Protein chains: 2
Amino acid sequence: MKHEDVFNPDCQVRLVLDRIGDKWSVLVVLALRDGPRRFTGLRTTIGGVTPKVLTQTLRAMERDGLLTRRVFAEVPPRVEYELTPLGLSLHAPIDAITDWAEAHLDEIVAAREATT
Amino acid sequence: MKHEDVFNPDCQVRLVLDRIGDKWSVLVVLALRDGPRRFTGLRTTIGGVTPKVLTQTLRAMERDGLLTRRVFAEVPPRVEYELTPLGLSLHAPIDAITDWAEAHLDEIVAAREATT
DNA sequence: CTGTATCCTCGCTGATACTG
DNA sequence: CAGTATCAGCGAGGATACAG
């Protein structure tokens, strides 16, 4: 079977789950959907993220080959982040999740209130 | 635009992201893919989860209407967990993620090692 | 503008032991 | 068998201030 090994704690698919699950990566992918963005642009688009955490997220995604970081030697400094093809391909699973969420959120909320 | 509101910190789609992102929910869904399972069955199938955390996960998913908990008045006690239609429908986005992970894991690993 | 540098808290997660 | 109780650690995430 296909997903059998997922139950192995060392399965590498877990790495992807962890990344998708982290609080900001998905939002970064969505924010970069329509092309490159600058640091402050991302920061204001994505509500409530501090510069430290945004930097951490971007660096991690860069390490994983999901996006590129381009520095322009200008004053004031300019840095642009852009999804790689690999990062762009993440939209497929992400859309699957957000679509599901939008389709079924009312059911979840209803179930929660039923328990109240 | 469709995903605009996701950037709102209060957006409810985040709730789903958080649930998908947590360490065990996805594995529970996969473990229940082929029908109802008992507590200990889940515990042994999913490696490395303690009873406390498994209980927490199951209760949370029950509250959200993703699965049902059925107690049989027997000795010894028997409890079966089964996905609801809502929980079953989660397989679509989850498969999208695991498929993506399996397809692109090598690229991620390669990108990581390139940085080393 | 694009980050770093500190400090700190919160809660998720786990280990272990015990109960109906 | 199916959990609950209790304790503990750790690290992601955040607040704030500052630097190149």
Side-chain angles (χ1 to χ4, degrees), chain A residues 6-11 14-29 31-32 35-64 66-82, chain B residues 6-11 14-28 31-32 35-64 67-82:
Chain A
V6 173
F7 298 121
N8 182 332
D10 300 331
C11 172
R14 296 255 192 124
L15 296 177
V16 177
L17 264 341
D18 288 351
R19 177 146 315 281
I20 298 247
D22 96 42
K23 206 167 178 180
W24 302 112
S25 296
V26 170
L27 297 178
V28 168
V29 173
L32 290 176
R37 303 285 305 275
R38 304 175 59 175
F39 188 85
T40 302
L42 289 172
R43 208 185 143 186
T44 53
T45 298
I46 303 173
V49 64
T50 60
K52 188 192 76 172
V53 173
L54 181 56
T55 300
Q56 283 176 357
T57 304
L58 291 169
R59 293 284 199 274
M61 295 175 71
E62 188 188 8
R63 262 198 312 279
D64 286 351
L66 298 176
L67 53 77
T68 58
R69 177 172 179 273
R70 266 198 312 174
V71 183
F72 297 82
E74 303 173 355
V75 177
R78 183 158 61 109
V79 179
E80 281 190 349
Y81 294 91
E82 183 172 18
Chain B
V6 173
F7 297 120
N8 182 334
D10 299 330
C11 172
R14 296 254 192 125
L15 297 177
V16 177
L17 265 339
D18 287 350
R19 177 145 315 281
I20 298 248
D22 94 42
K23 205 169 177 179
W24 304 110
S25 296
V26 170
L27 297 179
V28 168
L32 291 176
R37 302 287 304 275
R38 304 176 60 176
F39 187 85
T40 303
L42 288 172
R43 207 186 143 185
T44 53
T45 298
I46 304 173
V49 63
T50 61
K52 188 192 75 174
V53 173
L54 181 56
T55 300
Q56 283 175 358
T57 304
L58 291 170
R59 294 283 199 276
M61 295 175 71
E62 189 188 5
R63 262 198 312 278
D64 287 351
L67 54 78
T68 58
R69 177 173 179 274
R70 263 198 316 174
V71 183
F72 296 82
E74 302 173 356
V75 176
R78 184 158 61 107
V79 178
E80 282 191 350
Y81 295 90
E82 182 172 18

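Because the structure is a prediction, the values reported are computed rather than measured. Letters go in sequence order (proteins before strands), and every chain restarts at 1.
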| field | Difference in axis direction between the ends of the helix from dC1(C)-dG20(D) to dG20(C)-dC1(D), five pairs, 10° | value | 50°
| message | Just the rounded figure in Å: distance from C1' of dG3(C) to CZ of F72(A). | response | 17 Å
| W24(A) CH2 to M61(A) CE distance, which is reported to the nearest 0.5 Å | 13.5 Å
| field | Protein-to-nucleotide contact annotation, 5' to 3' order, nucleotides 15-20 of chain C [B base; S sugar-phosphate only; - none; under 4.0 Å, heavy atom] | value | B----B
| request: Rounded off to whole Å, could you give me the CG-to-C1' distance for the L58(A) and dT4(C) pair? | output: 15 Å
| query | L54(B) CG to dC12(C) P: how many Å, rounded? | reply | 16 Å
| message | For R78(A), give me all partners under salt bridge (charged side-chain N to carboxylate O under 4.0 Å, His left out), at least two apart in sequence or on another chain. | response | E74(A), E80(A)
| message | Using side-chain contact (heavy atoms from CB on, under 4.5 Å), reason through V6(B) and L27(A) one step at a time and then give a plain yes or no. | response | CA-CA 8 Å; V6(B) 173; L27(A) 297 178; 3.1 Å; yes
| query | To the nearest Å, how far apart are Q56(A) CD and dT4(C) C1'? | reply | 11 Å
| message | Between C1' on dT13(C) and CZ on R14(A), what's the gap in Å once rounded to a whole number? | response | 13 Å
| Restricting to pairs with a member in residues 17-28 of chain A, which pass salt bridge (charged side-chain N to carboxylate O under 4.0 Å, His left out), not counting sequence neighbours? | R19(A)-D22(A), R19(A)-D64(A)
| query | With V79(A), which residues qualify under side-chain contact (heavy atoms from CB on, under 4.5 Å), at least two apart? | reply | R69(A), V71(A), Y81(A)
| request: Find which nucleotide of DNA chain D each of D22(A) and R78(B) is nearest to by heavy atoms, and output the residue with the more 5' nucleotide. | output: R78(B)
| message | For a quick check of understanding: with a heavy-atom distance under 4.0 Å over all strands, which category does R43(B) fall into, base, sugar-phosphate or nothing? | response | nothing
| field | N/O (side chain, R69(A)) to phosphate O (OP1/OP2, dG3(C)) under 4.0 Å | value | yes
| query | How long is the line joining CD1 of I46(B) and C1' of dT13(C), in whole Å? | reply | 15 Å
Solution key, residues 42-58 of chain A side-chain donor-acceptor pairs under 3.5 Å, sequence neighbours excluded:
{"unit_1": "T44(A)", "atom_1": "OG1", "unit_2": "T40(A)", "atom_2": "O", "d": "3.0"}
{"unit_1": "T44(A)", "atom_1": "OG1", "unit_2": "G41(A)", "atom_2": "O", "d": "3.1"}
{"unit_1": "T45(A)", "atom_1": "OG1", "unit_2": "R37(A)", "atom_2": "NH2", "d": "2.7"}
{"unit_1": "T45(A)", "atom_1": "OG1", "unit_2": "G41(A)", "atom_2": "O", "d": "2.8"}
{"unit_1": "T55(A)", "atom_1": "OG1", "unit_2": "P51(A)", "atom_2": "O", "d": "2.8"}
{"unit_1": "T57(A)", "atom_1": "OG1", "unit_2": "V53(A)", "atom_2": "O", "d": "2.9"}

| message | I'd like the 5' and 3' limits of the part of DNA chain D contacted by chain A, with heavy-atom contacts below 4.0 Å. | response | dG13(D) to dG20(D)
